[in-house]
Amino acid sequence: GFQHKTRLRKSYEIGGGKTCKGTEEDERTCTNGKCPLNCELGDWGAWSSCSGTCGAGKQTRQRAKMKEAGFGGLECILDNLTEVKGCFAGRCAVDCVWNLWTSWDPCSKSCGGGYTRRSRPELVPAADGGRVCEGSATEETVCNAMPCPRACLWDNWSDWTNCAASCGGAERTRTRAVSSLEKFGGAKCDGEPQEKEACNTEDCPVDCQWSVWTDWSMCSATCNGGQTGRSRYQVRPAANEGVACIGSASEQKACNTLGCPQDCEWGPWSSWSPCSVTCGGGSIKRFRDISVYKRYNGADCVGLFEQAADCNNNRCPNDCIWADWSPWPPCPVTCNGGSMLSKRARLQESDAGGVPCGGSSTREETCNTEPCPYDCLLLDWSDWRVCSTSCGQGTRSRTRVKQEARLGGKPCDEPLDEIKECTNDENALLCPHTTSTTTLQRTLYIPEPGENPLGLGGSASSNGAWRSVASANSASGVAPCVTGNKLPKAAPTAVHQPLALHKPCSKDELKAALDSYGSYASGNLSVVIDHLMKVKQAAALKARKVENENHNVAEVNGSLRLYVEEADDFVSSTQAQKAVHKALCLLTSVEPQNLKVEISLEGTFTQPAWQKKLKGNVKVAYAIQVHENDNIGDPSTLESRFKSPSMNRDEVTLAIEKELGDAGLSKFTVQATSLSVTFLH
């Protein structure tokens, strides 16, 4: 605890004397020794068996002392270690038993013959076939049969005789006679037949008598009215209800009534009024009135009727205020899941120890999470292929790839092939006159949703279906050259109907055939499109994850109170505020950007010095924002840091003094007085 003492100034300095040194108040810590420990008893044991075989009995149970008393604590009561209660062991045959006779009752008469009685109740009534009690329950006998004694009796006293004197003391008498003598050993008459007493013993009354008046005294003032007086005394005071003296023992009258010059005089100052505001700078006032107005050309009063002084110059605390949440924006996507972000701004930042804003400035909600439907998609036509014949009439074709509809998308039934006629100059060497038709069976791969048959970023295995699409390749009598059954890598083998005629392929024909096969393999572009859409979705999810990493999950608000001898300079120093900020960051292991501090004066200038030292005169309000995936951890971890032994007042003081010293501010003497913390999840 604390012990506190004060002292008052015995005298103030006058005429340039030295002022008192030291403070008016002082305090020190104290202790009253160890706290008393009371004795503690354990739990009761089980009840013992009933002591009787039948009828009434008793049971007992016991308990022990668990802890002895110490340091002046309460001792255990030993009688509380055993407890007894009645029990019934079954009904027994019971004979009636008389109780003892009671004492004889007082005799109905003290003499001359009277009666007395005694009784006995049944101690045990007969029960369950037992014998009943024999004899009477009461007895009666004669008592005090001797004659009664008769005492001597006096007659009443006669009236007192008249007193012989009315005052100054006299004597009077009265008498009485015996009316009946004593008999049978009765008491004799006590006292005398005559009695005397003093009467009218009071002194006779004496009347009061005054002396003659003295002369009138000198006037108390030479002007403006004075007083003069005279007196007399009682030569003989009244006594014994005599007549008291009439009039006063002194007499005064006015003298020298002409006025004197009177200077104006001020009355005392009133107490200071309460401060006009609690913070932000106000004023206090005190007043005085004229106690004596000037008269007869006296001097005027010098000075003002009121005085004013500044008070409560500390900044007013302003709590942080959130604005309303912004409306939810439209969902950026219609399917596959998007996110909507709502924000709110701070209408007012906390200041001068006000409460910081709790919570986050943003909130997020998912929307349109159902999968998107994929409509059937037709890609662009390929270039027209070379004519099916090198001379004469032939055909040329082009193809396009279709991406099948999925998840309820719109289908498309447009053809995937287009054929038109083409004509070349006849060449006897290259154009034999034979006709045949070649039909090319194309196979298009339709991948399942989420499948990656091209191995883009994953396995090349697939569960999709190959779809055959027939197309007339040529009406020429000579079939296009066939270079083999192998297709480009990652495409399935195309199945051809037998050709009517084979011939060696020219360079251009070989290129056209390879281009034709490659175009069928390009049907797997749907997989590429699926892959690109998956990449897009993964990028959106990653963007949301990055954004969520900066979301606040909790805030820690609190205040640290310091006692600083140079409080005004300390609060106005930017370097001092930075030093306190750095010290708190080091103590809590928090990054500087996640901790904010505000320093303000605490208390008023009228607060006693000992209260400022005890409670502090500087308030440091701080706010710590806890984010996802930062280095702070969850709020419970941060709470354990605040409750750790390293966060005591001395450690906080040392940390702040070190940072002040590093900043070249060793002139400030700082002492931490209290540290509070509040978690806002």
Side-chain angles (χ1 to χ4, degrees), residues 2-4 18-29 279 281 310-317 350-354 356 556-624 631-632 638 641-677:
F2 292 91
Q3 288 180 313
H4 180 251
K18 295 182 179 179
T19 59
C20 293
K21 294 184 178 180
T23 61
E24 297 178 350
E25 301 170 337
D26 196 7
E27 66 179 11
R28 67 178 181 181
T29 58
C279 58
D310 297 334
C311 61
N312 292 346
N313 292 320
N314 54 300
R315 291 187 299 167
C316 292
S350 60
D351 184 37
V556 179
N557 298 331
S559 62
L560 167 66
R561 282 175 169 78
L562 308 172
Y563 173 71
V564 186
E565 292 184 356
E566 307 84 0
D568 291 335
D569 295 340
F570 186 83
V571 171
S572 60
S573 173
T574 303
Q575 294 299 321
Q577 182 169 347
K578 290 181 179 179
V580 173
H581 179 269
K582 186 174 180 181
L584 288 177
C585 289
L586 293 175
L587 287 169
T588 58
S589 301
V590 173
E591 294 295 332
Q593 66 270 18
N594 293 335
L595 187 146
K596 296 181 180 180
V597 297
E598 290 183 356
I599 301 179
S600 59
L601 289 173
E602 181 81 353
T604 62
F605 73 95
T606 58
Q607 189 177 19
W610 67 271
Q611 286 188 2
K612 292 181 179 179
K613 290 182 178 179
L614 181 63
K615 299 181 178 179
N617 58 356
V618 173
K619 178 181 178 182
V620 180
Y622 64 87
I624 300 174
N631 68 323
I632 299 177
L638 187 59
R641 297 180 197 165
F642 276 93
K643 294 181 179 180
S644 66
S646 63
M647 292 296 281
N648 58 55
R649 291 185 297 179
D650 293 338
E651 294 298 328
V652 174
T653 300
L654 291 174
I656 295 176
E657 286 181 342
K658 179 182 181 302
E659 297 303 327
L660 289 173
D662 293 344
L665 300 175
S666 301
K667 64 176 183 178
F668 291 119
T669 302
V670 178
Q671 176 62 50
T673 60
S674 66
L675 178 66
S676 66
V677 60

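FYI, the numbering just counts along the sequence from 1.
Side-chain contact between D568 and N313 is absent, with no heavy atoms from C-beta onward closer than 4.5 Å. For the pair I656/F668, no side-chain contact is recorded, criterion being any heavy-atom separation below 4.5 Å from C-beta on. Put simply, the side chain of S350 reaches to within 4.5 Å of the side chain of E598, judged on heavy atoms. Between T588 and Y622 there is no side-chain heavy-atom pair separated by less than 4.5 Å. Looking at T669 and Q671, their side chains never come closer than 4.5 Å, going by heavy atoms from C-beta outward. You'll find the side chain of V597 reaches within 4.5 Å of the side chain of Q577, heavy atoms only. You'll find the side chain of S600 stays beyond 4.5 Å of the side chain of P317, heavy atoms only. By the 4.5 Å heavy-atom criterion applied to side chains, R649 and L654 are not counted as neighbours.
The salt bridge (charged side-chain N to carboxylate O under 4.0 Å, His left out) test applied to K658 returns D662, not counting sequence neighbours.
A pairwise comparison of heavy atoms in K619 and G353 identifies NZ-O, 3.1 Å as the closest pair. Smallest separation of non-hydrogen atoms from L560 and S674: CD1-O, 3.2 Å. In terms of heavy atoms, L660 sits closest to A576 at CD2-CA, 4.1 Å. Listed here is the closest heavy atom pair of E657 and V670: OE2-O, 3.3 Å. Annotation for E659 and K582: closest pair OE1-CD, 3.0 Å, computed over non-hydrogen atoms. Heavy-atom minimum distance, N617 versus A567: ND2-CB, 3.6 Å.
A donor-acceptor contact shorter than 3.5 Å links the side chain of T673 to the backbone of R561. A distance-only check finds a donor-acceptor pair linking the side chain of R315 to the backbone of I599 [under 3.5 Å].
The line from NZ of K578 to CG of L665 is 11.0 Å long, rounded to the nearest 0.5 Å. If you take CG on L601 and SG on C279, they are separated by 11.5 Å, rounding to the nearest 0.5 Å.
Within 6.0 Å of atom CD in E24, 12 or fewer heavy atoms from other residues, nucleotides or ligands are found, so the atom counts as exposed in its surroundings.
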